Amino acid sequence: MPAPRSSQRRLPAGARRLGAGLMWFAVLGGITAWAIHLVLAWGTVELACTRAETGPGGEVTVLGMSLRGFVAAVATAIPLAVAIASLIASWRFRSRQLAGEHRETAGDEPRLDRAVLMVQLGLGLNVFSVLMIAFGGLAVLWFSPCT
Amino acid sequence: MNAVDMRSVSRATEPEALATERPRGRTPAWWGMVLLITTEVVLFAVLLASYFFVQFTTEGPWPPGGIRTPELRLPLIMTVLLLSSSAPMAWADRAIRRGYQGQLAAGLALALLLGAAFLTLQGIEYDTKLAEFTWTSYAYGSLFYAITGFHGFHVAAGLFMIGFTLVGTLRGRYTYERHERVRQVAFYWHAIDGLWILILSSLYLSPHV
Amino acid sequence: MVARQHGRTRIQRRPGGDDEPPRPSFVRLVVTAACALTIAACDSSAPSTLSPAGPAARQITGLWWLLFWISAVVSVVVFVLLGRAVLRGRRAGERVNTRSGNRFVLIMGVALPVLVLAGVYVVGLRDMRALQHDGEPAAYTVEVVGHKWWWEVRYPDDGAVTANEIHIPAGEPVDLELTTEDVNHSLWVPELAPKVDLIAGRTNTLRLEADEPGEYRGQCAEFCGLQHANMAFIVVAHPPEEFRSWLANESEPAPEPDTQPAAEGLEVLESSSCATCHTVRGTEAGGTLGPDLTHLAGRRYLGAGAVPNNPGHLAGWISDAQSIKPGNEMPPQPLPSEDLQALLAYLETLE
Amino acid sequence: MTVKPDTTTAASAPRAADDAVGERLSETWPEEHGLWAWFTTVDHKKIGRRYMVTAAAYFVLAGVAALVMRTQLAGPNGDVVDPELFDQLFSLHGTAMIFLFATPMLFGFGNFLVPLMLGTRDMAFPRLNAFGYWVFAAAGILMFGSLLFEAAPNAGWFAYVPLSGSDHSPGYNLDVYTLGLLFLGVSTTAGAINFIVTALKLRAPGMSLNRVPVFVWAIVVTSFMVIFALPPLNVANAMLFLDRRFGTNFFDTAEGGDAVLWQHLFWLFGHPDVYIIVLPALGIVSAIVPTFSRRAIAAYPLIVLATVATGIISFGVWVHHMFAVGLPDLSLTFFSAASLIITVPAGIQVFCWLGTMLMGRLVLNVAMLWVLGFIVLFVLGGVTGVMFAIVPFDQQTTDSYFVVAHFHYVLFGGAVFPIIAGLFYWWPKFTGRMTSRRGGLWSFWLTFAGFNLAFFPMHISGLLGMPRRIYVYPGDTGWTVWNLLSTLGAYLLTVGLLVTLGTLVHSLRRGERATDDPWGGETLEWAATSPPKVYNLPVIPTAHSLTPMWDERSLASFTDGIADDERVLAHQHAVLRTSELDGRLEHPPLEMPEDSPLPLVVAASLFAGTLALLLGWYEGTLVLLVAVAALCWWLWPHRSPIPEDGADGGGGQT
């Protein structure tokens, strides 16, 4: 492959490693957060309700928190925050870092084209993840667990 | 965050850095083994998930039916043996990449020995356990023996692979230029070790919490 | 296993009873139109989800029509675009368009669907909430136990036990506590409420309510083996007073036989293998494998909907149930003809 | 991306190259004939064709089972088969269509096409590939053969416990199911790993991720799904087998086991599996539509996104098969959300095809007609799919005929139609023969009409309260007329499929000889001869765009490469290795194995071991030692002049 070899050398290896890591976070961060949200939220609701370990006041508790509190905070809000972070990363990488560069070198530099495809995938996956977690969050606010 | 860090972050978001190709340069065999290990890890994850699912849907004490909480002394010795076998394996792998066939043979032999010791102890553990409960003693017994037995089977398979590689080594088949097999076997072995830690913490440690 | 309470039906007593229209007129219009097209569809005997007779089923019928119309619009849009593409393709020589198409797909394939789906999701949640009854107590609790391949129906407060018929008071919510004796089953009365499975080792609850007195067909909806097809039942909704008298009668033990053949029949029942599997309360027959026969004569069907309950079918059922419902648990009973006649005479008295 | 669909250069450039170097290559990639070669071949094209033919045979068998059931259900109180046989028929129909037809058929397409589309010469692990085929073929024989002994699976393709336990299902039926699927799983997993590695490492130089054909993306995503979805199925089946045979209690509720655990494990596999079937089929559509629209696929990044997103999200929707189980409502909503969102990627794909057609010039031919029919059916199946994501509606209609209608629209409409479209499209490449247009038109319209007549009425019978999996129904329920229509449709559908089969088979004898690129396709398989030579492409091209066959520079690389031995690799039985994301050339080339009887030996002894286990003859499982010995032979490190790992390999592993 032509030209970019030289420009590659400019960057320290650490920055490139970090860059590759950030890229993969922008691609897979949101969907991973969703997967964790799903397993945690479903798992705690189904299993806690089956076992129904009730705390003071007859409420079902998980790790000392109310079930609803646990599902809302630990299983939903935190993954949502991660997914949003990943969404922002993919959005910024696409619109600022790569898009401009891409326009100048379009077609000649498969590496950048490939990177653009990856952030586009990441952007889409992140949008889906945020939507799914948010939908789940809506239900957590609306439904009381174990009914 | 200090200024230097900021600079390295902003550098890392330069197009060149983001477009760094990673992973790359792996061999097809490397990918094959990684994917095989992935599917095996999922297999064990599902088994352990089943274990916890049954635990949480079971009323009363866990383990159920008067089965005692597993003792830790023997499993911990087994853990030490198995984990320490990863070191000679890694050492052997490094050695052959530099072309040292003798070190490769020694490393493999040591790993083989440690793994075999693990299996022997597992046999001893089964002997005492089976006197207390069997695979037909509640779902707990079924899960306990299925998970540990399946892992033991993997250890045995790993030992067979190490032995097979050792024979090849003694025949001089692994060289500076051709040593992919060693690397794959090492990977598999490390994965089995890692899985054991999951099993130890789920089946042996978690009931003590 | 802990019994979990899962109500599915909102208590939705209609004010004023009969003079309120049972469903929005728009929906009724569409149903009528659909029926006109598909005459058999509204065969009054069909246990149709589209002609709901209880609040829960009605809620879902409304949901169905919403989903149906959205689906219709989506399909039409796609088909129109497809037709356009085919027609345009016929016009040769048009210049090839090299646009990426991203915008078209983003709008049609992402933005619009997400908006529609968000709306649908919220409606779905709303209806789910509507089907939860929020702890409002039921008028009665009935235990339903699934068996291969029949339904045991118990009224624990009154001691009544019957089979394959669930009697309820119309207009009052009834909770069914669902358990199974063997494999998984699923209780489904399409006109009244969504289905709930009977899961081995667990207890589920289904709230059932019928607007009007009547009979509603139900059937097992989870494959449960050889005679899954013949595991039907009926829900009989009575006017409330009639229900109470039915329940009082059903709770009574069997009447003493008052004729000679009937008395002989009772003797046959108690001395033959019948008694090892069946219970007739007030007699020595106390088996628990088969359905309770205490008020057999009052039932509409034999063998969980397999055949109507009349003396001919009953005789056939007793002598060889396997030919009617192959694989069921009742072995053939080769009784001498006079014993069979006496037994039938007795069973006829079990109103 | 600019596209010049100029077919004249497309056909001639690779041809010239072929003549120049074909001779040299046939030394290292010889064409083998004869019985021994038939049993030992590792050629991905032969294996691919075998997969397709075998899967088609299993399709016919499973289809006959369906026809018998439809005959039974034509009217009330049907008396064609007894319930025992009926249960085996519907269980086998579902199991076979999913495991023995759909997945292997699409693996067949993948086997034949992926290396060609990537511009390489075989799969990454050719012997593993051959092994996978033999295992699949044997698993099918086991499953269908069991019917002869009245021992076919009879608890549905989902085999819920406790019904599938030994108390309620004595006999071998469920053992055939559990062991058969475990055995088959080996094949599927091996195939999936092979596809992924091939697509990651053997792409033509220059084929960075953004230039990978959508079909290959689909196969790769599918393969990743297999890697993650099969373990739950395997675990569940192994547990069920142990419960039945050795008295363990995984699912025995009386002994602390859990019956719902089976459902979770099964559907954790089962729902992704739906997409394992549908995604490659959609990939076929994405390959056909651009060719006949005379432009590259619209919104390529979005269709790739749709494929990847479907693959991942499909793992988060399994509980929508369990909405009626009585789980807490809140836990259902998470799956309702995911089940709704997963329809968005499906919509994206539909609009990508529509956009491609609208912005191109549509050429209607038989393959494209099947694609249009597919889009209609897939949309109809998709909208009912959305309905099942809504919890209350699902609770009302699940396990009714409405579901049967829905998933036949999705799986028959969404997978069989594309498969047939793909057969018509690639038939010239598979066989070297063109198919009859008239036969193709008849086959399409008959099948399309028959399909709708068979399955549309099932929506109505379902809404009218007709449950699934019943072998008889009474006459007074209002279901009769709809069932009669379905049965008539099933017969019409059969006629349509027979005409399809006839058209294809007829072409083998009478069909016109096909040129290399009869449709002016855009991907690299059209650069090969029809049918392709053993070595596929004489010169490994450089991909300069997503549509290399429409791209002057990519085409030029065929002729430019003739003199470059690195692009011809004539002196060694090897293929090029490229980097994972960017498709940059790596050294050294990957050495390919020769034909070998070992795959067959290993598969056969594995099969024998499975049979021994099935029949409870446990000493017989010692035959597995043959497999172990053969594997040792297979994997014995032989001496070779080609090093395995290059000095410039990068990535720090040298």
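Protein chains get the first letters and strands the later ones, always in sequence-line order, with residue 1 at the start of each. What you are looking at is a predicted structure, and each value in this text was computed from that prediction instead of being measured.
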Portion of C/Leu63 that has a non-hydrogen atom of chain D nearer than 4.5 angstrom: side chain
Step-by-step side-chain contact (heavy atoms from CB on, under 4.5 Å) determination, D/Cys352 to C/Phe104: CA-CA 8 Å; D/Cys352 282; C/Phe104 171 77; over 6 Å; no
Flag, side chain of C/Asn102 to backbone of D/Leu302, donor-acceptor distance under 3.5 Å: no
Closest-packed option against chain D by number of heavy-atom pairs under 4.5 Å, given C/Arg103, C/Arg217, C/Met231: C/Arg217
Stepwise side-chain contact (heavy atoms from CB on, under 4.5 Å) test for D/Val383 and C/Ser75: CA-CA 8 Å; D/Val383 292; C/Ser75 306; 4.1 Å; yes
Working for side-chain contact (heavy atoms from CB on, under 4.5 Å), residues C/Leu81 and D/Met357: CA-CA 9 Å; C/Leu81 288 173; D/Met357 288 188 248; over 6 Å; no
Contacts of residues 301-309 of chain C with chain D (heavy atom under 4.5 Å): C/Tyr301
Backbone N/O of D/Thr398 and side chain of C/Lys195: donor-acceptor pair under 3.5 Å: yes
Contact leader toward chain D among C/Ala200, C/Ala118, C/Ala72, where contacts are heavy-atom pairs under 4.5 Å: C/Ala200
C/His228 side chain to D/Asp87 backbone, donor-acceptor under 3.5 Å: no
Interchain contact, C/Asn230 with chain D, by part (heavy-atom threshold 4.5 Å): side chain
From CG (D/Asp399) to CZ (C/Phe223), nearest 0.5 Å: 11.5 Å
D/Asp258/C/Arg202 salt bridge by N-O under 4.0 Å criterion: yes
D/Asp79, CG atom: more than 12 neighbouring heavy atoms under 6.0 Å: no
Side chain D/Gln396, main chain C/Thr49, donor-acceptor under 3.5 Å: no
CZ/C/Arg300: more than 12 non-hydrogen atoms of other groups inside 6.0 Å: yes
Proximal component of C/Leu125, with respect to chain D [non-hydrogen, under 4.5 Å]: side chain
Interchain contact, C/Leu226 with chain D, by part (heavy-atom threshold 4.5 Å): both
C/Asn184 side chain to D/Val161 backbone, donor-acceptor under 3.5 Å: yes
Aromatic plane relationship, D/Phe393 with C/Trp64 - under 30° parallel, 30 to 60° tilted, over 60° perpendicular: parallel
Side chain D/Arg469, main chain C/Glu222, donor-acceptor under 3.5 Å: no
